[in-house]
**Student:** 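The structure under discussion is supplied below as structure tokens; questions concerning it will follow.
Values below: every heavy atom of this structure, side chains too, minus hydrogens, waters and symmetry copies.
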Amino acid sequence: MPADFSGTWNLLSSDNFEGYMLALGIDFATRKIAKLLKPQKVIEQNGDSFTIHTYSSLRNYLVTFKVGEEFDEDNKGLDNKKCKSLVTWDNDRLTCVQKGEKKNRGWTHWIEGDKLHLEMFCEGQVCKQTFQRA
């Protein structure tokens, strides 16, 4: 049975967020502000159906998807690019491939103990974030 990602998660650490944002084409001022934020994720999971809210003092983001079903994703408020996204299970990891303007873009979520890990990648840049269950 896949992992249960449900819960509220607070950011503990973020590595190479600046490089990742630069690969996405996010402007200088937004990158500088975003680096200072400590976002919170609220994940609702019902089997293979997910709703992920990401909250911060700058912007909020919502994505809803079902594992194994491609969907149109509008990254408004992030890099403002649209893409086709497909999330699949890789053992207990959720892996998303995003096809659009940027090459080799996507993310992977997994849980170890009481920590939620997120690796976001785009055009050779990888950002690693760790969240603690609230």
Side-chain angles (χ1 to χ4, degrees):
M1 176 173 222
D4 182 7
F5 288 80
S6 295
T8 300
W9 305 88
N10 296 320
L11 183 69
L12 284 179
S13 65
S14 186
D15 181 46
N16 196 36
F17 193 42
E18 173 96 13
Y20 172 74
M21 289 188 293
L22 192 58
L24 289 174
I26 295 173
D27 67 85
F28 177 82
T30 303
R31 287 195 320 267
K32 295 305 168 195
I33 293 168
K35 277 180 50 175
L36 301 174
L37 301 176
K38 298 289 184 192
Q40 180 182 71
K41 286 190 177 291
V42 177
I43 301 176
E44 300 166 24
Q45 178 182 354
N46 183 2
D48 281 345
S49 297
F50 285 80
T51 301
I52 302 176
H53 299 265
T54 304
Y55 300 106
S56 76
S57 55
L58 178 63
R59 294 188 178 121
N60 297 326
Y61 183 69
L62 168 68
V63 63
T64 302
F65 59 88
K66 185 167 185 180
V67 175
E69 293 182 7
E70 187 175 70
F71 63 99
D72 294 318
E73 187 172 5
D74 184 353
N75 292 300
K76 186 169 177 59
L78 299 175
D79 64 351
N80 298 316
K81 293 179 174 56
K82 294 182 180 183
C83 59
K84 292 274 191 189
S85 296
L86 176 64
V87 180
T88 56
W89 287 111
D90 179 9
N91 295 315
D92 275 351
R93 293 178 181 226
L94 279 177
T95 300
C96 180
V97 174
Q98 298 170 313
K99 295 179 183 172
E101 294 178 40
K102 297 293 181 175
K103 295 180 182 1
N104 302 317
R105 180 176 179 174
W107 51 260
T108 301
H109 266 305
W110 71 96
I111 294 174
E112 289 178 3
D114 61 351
K115 305 276 192 308
L116 173 72
H117 297 272
L118 171 62
E119 283 187 1
M120 300 176 288
F121 50 90
C122 180
E123 297 189 343
Q125 293 292 321
V126 178
C127 171
K128 297 179 181 183
Q129 295 184 331
T130 304
F131 295 79
Q132 173 79 48
R133 192 179 291 274

**Student:** Are Lys38 and Asn10 side-chain neighbours, meaning at least one heavy-atom pair lies under 4.5 Å?
**Tutor:**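 Of all side-chain heavy-atom pairs linking Asn10 with Lys38, none is under 4.5 Å.
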**Student:** With hydrophobic residues grouped by side-chain heavy-atom distances under 4.5 Å, do Val87 and Tyr61 end up in a single group?
**Tutor:**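 Yes, Val87 and Tyr61 fall within the same hydrophobic cluster.
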**Student:** Compare every heavy atom of Trp107 with every heavy atom of Leu118, then report the nearest pair and how far apart it is.
**Tutor:** CD1-CB, 3.8 Å
**Student:** Parallel under 30°, tilted from 30 to 60°, perpendicular over 60°: which one fits the rings of Phe5 and Trp89?
**Tutor:** tilted
**Student:** Closest heavy-atom contact between Gly19 and Gln125?
**Tutor:**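 Minimum heavy-atom contact is O-CG, 3.3 Å.
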**Student:** Specify the closest pair of heavy atoms between Gln45 and Ser6, including all atoms of both residues, with the distance to one decimal.
**Tutor:**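 So the two residues come closest at N-OG, 3.2 Å.
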**Student:** Roughly how far apart are Leu62 CG and Thr51 OG1, rounded to 0.5 Å?
**Tutor:** 6.5 Å
**Student:** Is Glu101 salt-bridged to Lys82, going by a charged N under 4.0 Å from an acidic O?
**Tutor:**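 No, no charged N to carboxylate O under 4.0 Å.
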**Student:** Could you list all the ring-ring contact (aromatic ring centres under 6.0 Å, His included) pairs where at least one residue sits in residues 15-46, not counting sequence neighbours?
**Tutor:**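 Every candidate ring-ring contact (aromatic ring centres under 6.0 Å, His included) pair involving residues 15-46 fails, so no pair, neighbours aside, qualifies.
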**Student:** Please report the C-alpha distance between Thr54 and Lys41 in whole Å, then the side-chain angles of each, then the deciding distance to 0.1 Å, and finally whether the side-chain hydrogen bond (donor to acceptor under 3.5 Å, both in side chains) criterion is met.
**Tutor:** CA-CA 5 Å; Thr54 304; Lys41 286 190 177 291; 3.0 Å; yes
**Student:** Could you tell me the separation between the CZ atom of Phe121 and the CZ atom of Arg105, rounded to the nearest 0.5 Å?
**Tutor:**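 Those atoms lie 10.5 Å apart.
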**Student:** Tell me whether the count of non-hydrogen atoms from other residues, nucleotides or ligands lying under 6.0 Å of NZ in Lys99 goes above 12.
**Tutor:**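 Open: at most 12 neighbouring heavy atoms sit under 6.0 Å from NZ of Lys99.
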**Student:** Answer yes if Leu37 and Ile52 sit in the same cluster of Ile, Leu, Val, Met, Phe, Trp and Tyr residues linked by side chain heavy atoms under 4.5 Å apart, and no otherwise.
**Tutor:**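 No, it is not one cluster - the side chains of Leu37 and Ile52 are not joined through contacts under 4.5 Å.
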**Student:** Please report the closest heavy-atom contact between Met21 and Ala34, naming both atoms and the distance.
**Tutor:**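 Met21 and Ala34 have their closest heavy atoms at SD-CB, 3.6 Å.
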**Student:** Any chance you could lay out the side-chain contact (heavy atoms from CB on, under 4.5 Å) test for Leu116 and His109, step after step, and finish with the verdict?
**Tutor:** CA-CA 7 Å; Leu116 173 72; His109 266 305; 3.7 Å; yes
**Student:** Nearest 0.5 Å, what's the NZ-CG distance between Lys84 and Asp72?
**Tutor:** 3.5 Å
**Student:** Less than 4.5 Å apart, any side-chain heavy atom of Arg93 and any of Glu119?
**Tutor:**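 Result no, sub-4.5 Å side-chain heavy-atom pair not found.
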**Student:** Between Asp27 (side chain only) and Thr30 (backbone N and O only), is there a donor and an acceptor less than 3.5 Å apart?
**Tutor:**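 Pair found, side chain donor or acceptor close to backbone of Thr30.
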**Student:** Show the numbers, then the answer: is there a side-chain contact (heavy atoms from CB on, under 4.5 Å) between Lys115 and Phe131?
**Tutor:** CA-CA 6 Å; Lys115 305 276 192 308; Phe131 295 79; over 6 Å; no
**Student:** Please check this pair: side chain of Asn16 against backbone of Val126, looking for a donor-acceptor N/O pair closer than 3.5 Å.
**Tutor:**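 Yes: the side chain of Asn16 pairs with the backbone of Val126.
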**Student:** How far does SG of Cys96 sit from CE of Met120, to the nearest 0.5 angstrom?
**Tutor:** 12.0 Å
**Student:** What heavy-atom pair brings Cys83 and Gln98 nearest, and what distance separates the two atoms?
**Tutor:** SG-CB, 3.8 Å
**Student:** Counting only heavy atoms not in Asp4 (residues, nucleotides, ligands), do more than 12 fall under 6.0 Å from its CG?
**Tutor:**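 Yes - once you tally the heavy atoms of other residues, nucleotides and ligands closer than 6.0 Å, there are more than 12.
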**Student:** With hydrophobic residues grouped by side-chain heavy-atom distances under 4.5 Å, do Phe65 and Leu86 end up in a single group?
**Tutor:** no
**Student:** Within this structure, what is the OG1-OH distance for the pair Thr8 and Tyr55, rounded to the nearest 0.5 Å?
**Tutor:** 8.5 Å
**Student:** Any side-chain to backbone donor/acceptor pair from Thr130 onto Ser13? Under 3.5 Å, distance only.
**Tutor:**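 Not at all, since once roles are kept as given, no pair shorter than 3.5 Å links the two residues.
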**Student:** Working note: Phe50 + Val67, criterion side-chain contact (heavy atoms from CB on, under 4.5 Å); need CA distance, chi angles, decisive distance, verdict.
**Tutor:** CA-CA 8 Å; Phe50 285 80; Val67 175; 3.7 Å; yes
**Student:** NZ of Lys128 to OG1 of Thr108: how many Å apart, nearest 0.5 Å?
**Tutor:**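 Answer rounded to 0.5 Å: 11.0 Å.
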**Student:** List the atom of Lys102, the atom of Cys122, and the distance in Å for their closest heavy-atom pair.
**Tutor:** CB-SG, 3.6 Å
**Student:** Would you say Val63 and Phe71 make side-chain contact, with heavy atoms under 4.5 Å?
**Tutor:**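 Yes, their side chains come closer than 4.5 Å.
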**Student:** Any donor-acceptor pair under 3.5 Å linking the side chain of Glu123 with the backbone of Lys103?
**Tutor:**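 Checking the backbone N and O of Lys103 against the side chain of Glu123, a donor-acceptor pair under 3.5 Å is found.
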**Student:** Is the backbone N or O of Asp114 less than 3.5 Å from a side-chain atom of Glu112, with the two atoms forming a donor-acceptor pair by type?
**Tutor:**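 Such a contact is absent between Glu112 side chain and Asp114 backbone.
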